[in-house]
Every structure is written in C-alpha cells, then in structure tokens.
Amino acid sequence: MTVALQAEHVHLAFPQKTVLEDVSWAVQEGQISTLIGPNGCGKSTLLKVLVGALEPSKGTVTCKGEPVRKLTAKEMARYMAFLPQAPEVPADMTVEELVYCGRFPYQAWWKNTAGQDREAVEEALEDTKVMHVRHQYVTSLSGGERQRVWIAMALAQEPKLLVLDEPTTYLDINHQFEIMELLKRLNEGRGLTVLMVLHELNQAVRYSHQMAVLHNGLLEAAGSPDEVMTEDLLRRVFSVKATVEPGPYIRIHGLL
Amino acid sequence: MKVVTSEERQTRRLLIVVAFALLLAFALVVSMAFGSADITLSNVWHTLWSSQLTTTQDRVIWNIRFPRNVVAALVGACLGVSGAILQAVMKNPLADPQIVGVSAGAGLAGVVILILFPALEYAVPMVAFIGAMLAALAVYALAWKNGIRPTRIILAGVAVAAFLGSGISALLVFYGDRVQGALLWMVGGLAGRSWPQVYMLAPYTVIGLLLAFLGARRLTILSLGDETAKGLGLPVEQTRFLMTAVAALLAAGAVSVAGLIGFVGLIIPHMARMCIGTDFRYLLPASALLGAAVLIISDTIGRVIFSPVEIPVGIIMAFLGAPFFLYILRRSA
C-alpha cells in the first residue's frame with residue numbers, strides 16, 4: 001500500500017504555545033482516514049500542516065515520498081483538494097461557476113483546456129448529485145447542498161486525495177449522513193483517498209479505515225477504529241465515561 | 001423560475017461591457033460640444049475625421065477638448081481598475097487607491113514642489129509619481145511581516161497617510177500666501193491637461209491595465225477566501241503582493257497627472273460590480289470603461305455648470321461620490 005501523505009516528527013510552535021509535538025502519522029492511499037480529538041487539540045492545525053498550508057517548526061511532511069515544500073502550489077492542488085471548515089463564496093457565483101474554479105490548477109493562458117475542464121466539471125456535478133442546481137447561486141442553497149457543491153469543486157480538481165476540515169459540523173443528521181455516504185461512494189468508486197477531521201465519534205468509527213487521535217498536540221493513538229477506540233482512551237482524551245460495543249459502537253454514559 | 005444558464009450569464013456580462021464601452025465613446029465625443037467656445041456636435045465630428053486643423057474650432061477641439069477628455073478617460077480607467085483590484089486583494093469594500101499610500105505620497109510631493117519650488121511646476125507629475133511609489137513602498141515595508149495581511153496594509157496605509165498629511169498641512173500653514181496652486185492640486189482637476197499628459201500617462205495605463213487583466217482569474221479565485229484559494233494552487237501571498245503593486249502603479253500614474261481625485265477608485269468598482277458581478281474577467285474591463293466615462297462626464301459638468309468658472313473634477317466627484325458612498329455603507333450594513 002502506498003503512502004499518500006506522511007508526517008514525520010512534526011512539531012509546530014507558535015510564540016505563545018506549542019500546538020503540535022512530535023507527531024508522526026501516515027495517510028494510506030485509497031483509504032478514509034480521520035483525525036479526531038477534543039477542541040483545541042491541534043487537529044485542524046495538523047490538517048493544515050499536512051496540506052502544506054502551514055509550515056512545521058520541526059519535522060517533515062512528504063507527499064508520495066516528496067517533501068511537500070518542494071512541490072509548487074499548483075502541483076499540490078492537482079494531487080490534493082482541501083476544503084476548509086467555512087469556505088467563502090461571492091454572493092453572485094453560481095454552482096457551475098464555482099465548480100469551474102476547481103479547474104484553476106490545470107489552467108494557464110497558453111493552454112486551451114476547455115474540453116477537459118468541461119468533462120471534469122460535468123462528472124463532478126454528476127457524482128455529487130448537484131446537476132439540478134448548477135445554474136443557481138451557491139449562497140441560495142441549503143447547507144447540505146452547499147457542502148456537496150464544495151465537494152464537487154474539489155472533485156473538479158481531479159485529486160487523488162480529498163482533505164476536509166469538519167465537513168459535517170453545521171449540518172443536520174440527515175445531511176451529515178448524506179455527506180458521509182457520498183465520501184464513502186467516492187472512496188469506493190473513484191478510489192479517492194479521503195482525509196478529514198470529524199467531531200462525531202460514531203461517524204468517524206463507522207466510515208474510517210484509519211483513525212488518529214490527537215490530544216494536547218500529541219498523537220495519542222492511531223490505527224483502525226477497532227484498535228483505537230477503547231474505553232480507556234475515551235476517558236483519557238475526551239473525559240467521558242463510555243463503553244465500546246461491538247461494531248464498534250460507542251455509547252456515552254456521561255461525563256467523568 | 002426561469003433558469004439562466006452560464007452561457008447566457010456570460011453573454012449578458014459581455015453586453016454590459018459593450019454598453020459601458022458605448023457610454024464611454026458617447027461621453028468622449030458628445031462632451032466636446034459643451035464648453036465656453038461655441039462648438040456643435042457636427043463640428044466635433046468633422047474635426048475628428050479631418051486630416052488638418054483649419055479653423056479655431058478645429059484647434060479648440062483637437063488641442064484642448066479632445067486631449068483633455070483622453071486624459072480624463074485614462075485617469076478614470078486607472079483609478080477604477082486600481083480600486084477594483086485593491087477591494088479584492090484587501091477583502092475590504094471600502095478599500096481604494098488611498099489606502100496604499102499613493103494619494104498621500106503624490107500629494108506631499110506635489111505640494112512640496114508647488115509651494116517650495118514653484119519654478120519647477122513642470123516637474124510635478126514626475127515628482128508626484130515618485131512620491132506615490134515611495135509611499136506605497138513604505139506602506140508595504142511597514143505591513144510586511146511574513147507576508148502581507150490585508151488589515152496590516154490598511155493600518156499601515158492609514159498611518160502613512162496621516163504622517164504625510166501632517167507634512168502637507170504644515171506646508172499649507174507656513175506658506176499661507178502660496179496655497180492656491182497647492183489647493184488645486186489637492187482637489188484634483190484636469191484644467192489645462194493636454195497631449196503631453198496623454199503621452200505621459202498612456203504607457204502606465206496600457207501596461208497597468210494589461211497586467212491587471214492578466215491577473216483577473218487569480219482575483220476571482222482569491223474571492224473564495226485565502227484557504228480555498230491556496231487549496232486551488234493559487235500562491236495567495238504572491239498574488240496579493242503583485243496585484244497591489246499593479247494597483248499602486250495605476251493609481252500613481254493617475255494622481256501624478258490629475259492630482260488627488262478622490263472617490264473614483266472607491267465608487268466605480270462598486271457601480272461596476274452591481275451591474276456585472278464579481279467575475280473579474282468582466283469586472284476589470286467594466287471598471288476601466290465606467291471609470292473613464294464617469295470621469296469625462298464629471299469633468300464636463302465641472303466645466304459647464306458655472307461657466308466660465310470651472311469646478312475641478314475632484315470636487316464634482318466628491319460631491320457625487322460622497323452620497324453614493326453613504327448609500328453603499330447603509331446597504332452593506
């Protein structure tokens with residue numbers, strides 16, 4: 001199995017405090033990998049370090065064996081697409097126009113990419129089931145549709161790896177599952193590698209091949225959901241009393 | 001609900017750009033029929049197509065009114081595009097060429113020449129241009145800390161403008177007897193501008209607009225926010241740096257020739273955006289054409305309304321611009 005992204009002994013320190021301490025983790029190609037942890041544990045920061053948006057103070061991040069900092073921004077964008085937690089969009093941009101923005105890393109003024117652009121955009125709209133709203137303003141859509149549209153833009157980048165920062169946080173339960181099912185389908189159908197930060201533990205457990213748990217900037221545990229999710233870890237990291245039932249399924253009984 | 005396809009939206013935007021171009025052509029020609037010398041529209045038309053200047057009217061049109069309109073158009077286009085770029089790059093709808101220090105730099109440089117070395121008045125545009133670029137560099141240097149952040153630029157711009165403004169005020173106070181020329185410069189106007197100013201400004205305008213249009217796609221991507229733009233492979237810091245430099249160049253050229261005309265760079269991009277939207281491939285040309293047309297029309301109003309006394313176009317722009325500015329503020333609040 002090939003490694004898509006690898007962090008080795010990554011430290012990140014801001015003047016006031018250390019955010020990441022000696023984090024080593026590998027994201028395998030073709031899998032769904034999830035980062036979890038309590039608020040402020042550094043998981044969004046680690047995500048940004050992994051996608052090259054932040055430079056670690058110490059340690060290296062490699063993308064398919066190449067140091068991330070050696071790749072140009074466009075090379076990175078053709079390999080991985082990154083969706084931030086609350087992306088902005090101008091009020092007058094339609095779905096189709098936004099999805100076309102995903103083609104930016106392939107465009108240059110000396111190249112005619114119109115044909116490939118159109119193909120990639122149509123496929124992305126199809127796969128995320130947003131074809132019917134393609135001519136509407138992104139800002140006029142409901143939260144669930146909007147999130148699918150953003151995923152469509154990311155797919156138009158034709159990435160091998162899709163990175164999402166809490167893609168379900170602002171959605172109702174129906175749309176949360178819709179997004180998770182969509183990611184699963186893309187993972188199985190397109191062979192898309194998925195890396196994301198999630199808050200909902202049972203969602204993470206149900207859909208992930210690999211999980212990593214961050215706590216106070218340290219990597220507490222990494223592995224399959226079965227290996228990672230233990231009652232002891234839930235107590236230590238999240239300070240909750242919980243039992244892990246077969247499945248695995250996490251039942252929270254209360255605070256410690 | 002009728003569905004408007006992307007193709008139809010593109011066509012609509014293109015038509016609006018064409019409409020602005022027609023407005024500019026109309027303003028350029030028709031405004032020449034207004035003024036203290038009695039000239040009709042057919043005179044204007046005849047002169048523009050004739051190969052030699054025979055009558056006085058011909059000379060008034062060809063040596064005074066036409067080049068002045070061309071300067072107005074170039075200044076308006078530069079300021080309009082400069083403002084559109086800065087509002088995008090700074091992520092601030094109230095950004096305009098003043099915030100990169102350009103106006104304050106050109107202002108102080110011009111006032112120094114006009115008050116301390118009045119004999120060197122002919123050098124004002126060149127010195128003002130240098131002053132504008134130096135001030136923009138200073139704002140940059142002050143705002144630079146691991147890259148350029150919009151808020152730091154705005155704060156540095158305010159600080160530099162206040163600092164240089166104190167210099168202007170001090171000069172005006174110490175040399176109260178010589179303020180006339182300096183005041184006209186500060187207000188901004190196009191009186192007496194002719195072919196030499198056209199030749200001076202045209203190269204900056206052409207180069208600046210070309211660079212701006214090349215960056216249009218990047219500005220659209222930048223409107224999705226820094227994080228998304230980075231994810232799409234846009235070098236965000238570099239884009240911000242280069243496009244701010246282009247905006248400073250455009251604005252410096254404009255103010256060095258016409259003085260500190262305010263509000264064009266602020267309101268034109270908003271007007272253009274209301275008509276055409278945020279796609280910068282259309283918004284930038286639209287801002288250029290609309291800026292050019294509005295400045296010609298304002299200048300014509302200034303020439304005619306209290307004829308034979310001329311109102312500097314800077315006053316007209318501020319008079320029309322301030323209410324519009326308030327309108328934007330109330331709408332966005």
Quiz item: Which region of A:L98, side chain (C-beta onward) or backbone (N, CA, C, O), has a non-hydrogen atom less than 4.5 Å from a non-hydrogen atom of chain B, or is it both or neither?
Solution: side chain
Quiz item: Taking the side chain as C-beta and beyond, is there a heavy-atom pair between A:V89 and B:L224 under 4.5 Å?
Solution: yes
Quiz item: Does a side-chain N-to-carboxylate-O contact under 4.0 Å join B:R13 and A:E97?
Solution: yes
Exercise. Tell me, yes or no, whether the heavy-atom count around A:K70 atom NZ, taken from other residues, nucleotides or ligands under 6.0 Å, exceeds 12.
Key: no
Quiz item: How about A:E158: does its CD atom have over 12 heavy atoms from other parts shown lying under 6.0 Å from it?
Solution: yes
Quiz item: What part of B:I221 gets closer than 4.5 Å to chain A, counting heavy atoms only: side chain, backbone, both or neither?
Solution: side chain
Quiz item: Roughly how far apart are A:R134 CZ and B:T5 OG1, rounded to 0.5 Å?
Solution: 9.0 Å
Self-check item: Among A:M76, A:Q157, A:R103, residue most engaged with chain B (heavy-atom pairs, under 4.5 Å)
Solution: A:Q157
Quiz prompt | Candidate pair B:T228 and A:W150, rule side chain to side chain contact (heavy atoms under 4.5 Å, CB included), full reasoning | solution = CA-CA 10 Å; B:T228 308; A:W150 282 104; 3.9 Å; yes
Quiz item: Side chain, backbone, both or neither: which part of A:M80 has a heavy atom under 4.5 Å from chain B?
Solution: backbone
Quiz prompt | Heavy atoms of other groups near B:R12 CZ, more than 12 under 6.0 Å | solution = no
Practice problem: State, with a plain yes or no, whether a side-chain heavy atom of A:F104 is found less than 4.5 Å away from one of B:R217. | Solution: yes
Quiz item: Can you name the closest pair of heavy atoms from A:P90 and B:S223 and give their distance?
Solution: CG-OG, 3.4 Å
Quiz item: What part of B:Q238 lies closer than 4.5 angstrom to a heavy atom of chain A: side chain, backbone, both or neither?
Solution: neither
Practice problem: With rounding to the nearest 0.5 Å, note down the distance linking CZ in B:R9 to CE in A:M93. | Solution: 9.0 Å
Exercise. Supply the atom-to-atom distance A:D165 CG to B:E227 CD, rounded to the nearest 0.5 angstrom.
Key: 7.5 Å
Quiz prompt | Sub-4.5 Å side-chain heavy-atom contact between A:K74 and B:L232 | solution = no
Self-check item: Region of A:E75 that comes under 4.5 Å of a non-hydrogen atom in chain B
Solution: neither
